[in-house]
J.: 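Below: one structure in structure tokens.
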Protein chains: 2
Amino acid sequence: MSQSEKGSGPSRRTFLSGALAAGGAAATAGVAQAQQPDPAITELPDWSRYNGEGVDARPYGSPSEFESHVVRRNVEWLTADTVSSVNFTPLHELDGIITPNGLCFERHHSGIAEIDPGQHRLMINGLVETPLVFTMEDLMRFPRENRVYFLECAANSGMEWRGAQLNGCQYTHGMIHNVQYTGVPLRYILQEAGLKSSAAWILPEGADAAAMTRSIPLEKALDDCMVAFKMNGEALRPEQGYPVRLVVPGWEGNMWVKWLRRIEVGDKPWHHREETSKYTDLFPSGKARRFTWEMDAKSVITNPSPQAPIAHGPGRTIITGIAWSGRGTIPRVDVTLDGGKNWHQARMSGPSFNKSMHRFYYEFDWDGSPLLLQSRAHDSTGYVQPTKEALREIRGENSIYHNNGIQTWYVNEKGVVENVEVS
Amino acid sequence: MSQSEKGSGPSRRTFLSGALAAGGAAATAGVAQAQQPDPAITELPDWSRYNGEGVDARPYGSPSEFESHVVRRNVEWLTADTVSSVNFTPLHELDGIITPNGLCFERHHSGIAEIDPGQHRLMINGLVETPLVFTMEDLMRFPRENRVYFLECAANSGMEWRGAQLNGCQYTHGMIHNVQYTGVPLRYILQEAGLKSSAAWILPEGADAAAMTRSIPLEKALDDCMVAFKMNGEALRPEQGYPVRLVVPGWEGNMWVKWLRRIEVGDKPWHHREETSKYTDLFPSGKARRFTWEMDAKSVITNPSPQAPIAHGPGRTIITGIAWSGRGTIPRVDVTLDGGKNWHQARMSGPSFNKSMHRFYYEFDWDGSPLLLQSRAHDSTGYVQPTKEALREIRGENSIYHNNGIQTWYVNEKGVVENVEVS
């Protein structure tokens, strides 16, 4: 596959005029240097004068000390306890489509289970011909596949149903990550146990103290679900289900059961807590939409955003963000600077995988006047990301889950960015 | 793009019989449980009884304590000092195609420069219309791209020219990593400065105390080189050139100048130390092959391998490994169990990008007899990875660099693996 660009970006002419703006700033710095020397150029820094640390310093590496602000963060008032809480991905500090393992959002209901893989087992039981118990080593003897998928919590952007509340894309949209999984297609494991003819659902169960369970239709289990043990090349991180988790591509995050210890095969859904009192969408009528598994197309501008203002003033400015759909790929994203009056097609860059995060850019010359930034994803089914207003007309404001509405950032003359609503 | 499988794997029938073998082992464990309870099943482990750490425990995550052996390692006798040395990627512990940032091999000549990005500058000078100095913020205002590329040191497998020496693919082949880069195409930056008509070469220079320089033809610089500031989504790691490095896709690693502070444009190569006394291939005649930039197609079986023996005894066995080419993609890898008498086409799984690592698998039923394992990569130009013997016939044994010969692992009856030569 060629790693070529998709979508229509700025024309060559437009880019060059923009680049000149950036170059103008640089050239100005150069001129300033002649009159008032820039110590960053005229004085040799210590790192150019002395040897640094050797290869024995960090057998397992870590980021630069200058990146110590790039971390996952929680919202203290959001949950009663940190062991049943959320740690959000700093989307505004990332680029491309891969989320590094140390920054993947985490959500757990009884804290991070720290499992000894030698003591871990995966049991398959219920409506199967032969109940089986696998060690981790047994699982490693099935054929493996490598796939890149996004995982989004159903509650991502959930606080925004009743208006703009959280000031930063880390908090409004940070319950998502996108990694390469290595694992075994679940169908191989189910076929090994042998499905009885009445089998129609599975119930994966976690080995943490919360013993998370969700009902999943067998059709999905046999389609693209995976039993994964590696993320981005290395072992799963503890907070992501080490040593083994379920991968349920395109479907809401809490179905991707972590610390997977058992899969029961049944003939109907179990109606457990996490699919009845939780993870259902309460309509204004009082009735609830349930089993809303697929995550609809969504996007967000990650830069600029409240945590990442425009610091450089007017001139050449880069807008970037991410888009994804639980139903396919994202062939197109539009960006508006004026709250939806005019839309511009963004430039996509990076791999376009099914049910994976996509990266978009929009380059323009900012004149310094206020902006109302929005992005709008189109997915490969033809679905277009709706406004929050359109969603509320149907779902009301009681929902917590499945808010895939268009997000708005207000940028003022100083480049400061705020989470706002437009109607 | 669909994330479908490529290549001919084991047939459905073959897989099922193999899976039954694995299932047989699992079923046996299940039977054993009935007679002699497996405490891993009958006793509830602590991680299922008590809450784990909360979301405030690890703002930047780290691997499980059970994975503490998965680290980069150096070879003490290889270099005189750890500040001019190599730390090898633990390939036998990884899967898929992405190398996690904490495990990317590192090679530096004056240790790890720890640069303050606010003080860092990139200068473009020489045969340009307008010499320019960029801050990191200036660079962020150019259009960015996202590409996945392998980086291999020219000396990878260099110790193997004179026979099997290092016992583990981490050491024989671990001077490679494969990550997603975000950065600016170098041509945009050179065009910003304006190239004079006599411009034909560039000389990138690092800001570390070694001030690494390499001559690169302008044609390559304008083709696919990037000035990158992010790897796998986050900022470059210090040992990978934070805050900015050159990416020279498919070409030998030391041209990918780290801690990039200057690019001089000239009309001929500079013949600096790292491209004359080093990084040339000395022929038996005493003449040296120079400017050998492109990394030829290569592959290695990562599992089983000396650091990762077959622990489970005869039965269903998974062979996996990686393949790459500086000239394109890898449409095919072959595997042999008998030192090259019979070759079997491996199954590829995962993205196939230009100048990127590819992952292959070969599943078979091991009868417990000794094996001579080899893999052989075919690249998209039609080139086939040669034997070490074929390479030596032309290059002799004085070379250090560019050994892309076929690697052999000997597996004995107990599953223990050794680095050997076959002829």
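A, B, ... follow the sequence lines: proteins, then strands. Residue 1 opens every chain.
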J.: For the atom pair CG (A:N232) and CD (B:Q180), what is the distance rounded to the nearest 0.5 Å?
T.: 9.5 Å

J.: Which bit of A:V179 comes within less than 4.5 Å of chain B, counting heavy atoms only: side chain, backbone, both or neither?
T.: neither

J.: Out of B:S64, B:A311, B:P90, which one racks up the most heavy-atom pairs below 4.5 Å with chain A?
T.: B:S64

J.: Measure distances from A:M140 to the heavy atoms of chain B and classify the residue's part below 4.5 Å as side chain, backbone, both or neither.
T.: backbone

J.: For a quick test of reading the model, state the closest non-hydrogen atom pair linking A:N87 to B:P59 and the distance between them.
T.: ND2-CA, 4.4 Å

J.: Measure A:L44 against the heavy atoms of chain B and call it side chain, backbone, both or neither at under 4.5 Å.
T.: side chain

J.: Please flag which part of A:E53 lies under 4.5 Å from any non-hydrogen atom of chain B: side chain, backbone, both or neither.
T.: both

J.: For A:Q119, is it the side chain, the backbone, both or neither that has a heavy atom under 4.5 Å from a heavy atom of chain B?
T.: both

J.: Considering only heavy atoms, which portion of A:P63 lies under 4.5 Å from any heavy atom of chain B: side chain, backbone, both, or neither?
T.: both

J.: Is it true that B:E65 and A:R237 make a salt bridge, defined as a side-chain N closer than 4.0 Å to a carboxylate O?
T.: no

J.: Heavy-atom distances under 4.5 Å only: say whether A:N74 touches chain B with side chain, backbone, both or neither.
T.: side chain

J.: Looking only at heavy atoms, what is the nearest atom pair of A:I318 and B:F142, with distance?
T.: CD1-O, 3.4 Å

J.: For the CZ atom of A:R359 and the CD atom of B:E145, what is their distance to the nearest 0.5 Å?
T.: 14.0 Å

J.: Under a 4.5 Å cutoff for heavy-atom pairs, which residue among A:S68, A:S85, A:P238, A:A113 has the most contacts with chain B?
T.: A:P238

J.: Any Lys/Arg nitrogen of B:E234 or A:R72 sitting under 4.0 Å from an Asp/Glu carboxylate oxygen of the other?
T.: no

J.: Looking at A:I115, A:D208, A:N303, which one has more heavy-atom pairs under 4.5 Å with chain B than the rest?
T.: A:I115

J.: Sequence neighbours excluded, which residues qualify as side chain to side chain donor-acceptor pair (under 3.5 Å) partners of A:T182?
T.: A:N146

J.: Are A:P143 and B:R347 side-chain neighbours, meaning at least one heavy-atom pair lies under 4.5 Å?
T.: yes

J.: I'd like to know whether B:Y60 forms a side-chain contact (heavy atoms from CB on, under 4.5 Å) with A:V70, so could you lay out the CA-CA distance, the side-chain angles of the two residues, the decisive distance to 0.1 Å, and finally the verdict.
T.: CA-CA 8 Å; B:Y60 193 96; A:V70 182; 5.9 Å; no

J.: Can B:Y242 and A:E67 be counted as having a side-chain donor-acceptor contact under 3.5 angstrom?
T.: yes

J.: How about B:H108 and A:V55: do any of their side-chain heavy atoms sit closer than 4.5 Å?
T.: yes

J.: Can you tell which part of A:Y361 gets under 4.5 Å to a heavy atom of chain B, answering side chain, backbone, both or neither?
T.: side chain

J.: Identify, with sequence neighbours excluded, every residue that meets salt bridge (charged side-chain N to carboxylate O under 4.0 Å, His left out) alongside A:E205.
T.: A:R261, A:R262

J.: Which atoms of A:A207 are under 4.5 Å from chain B, going by heavy atoms: the side chain, the backbone, both sets, or neither?
T.: both

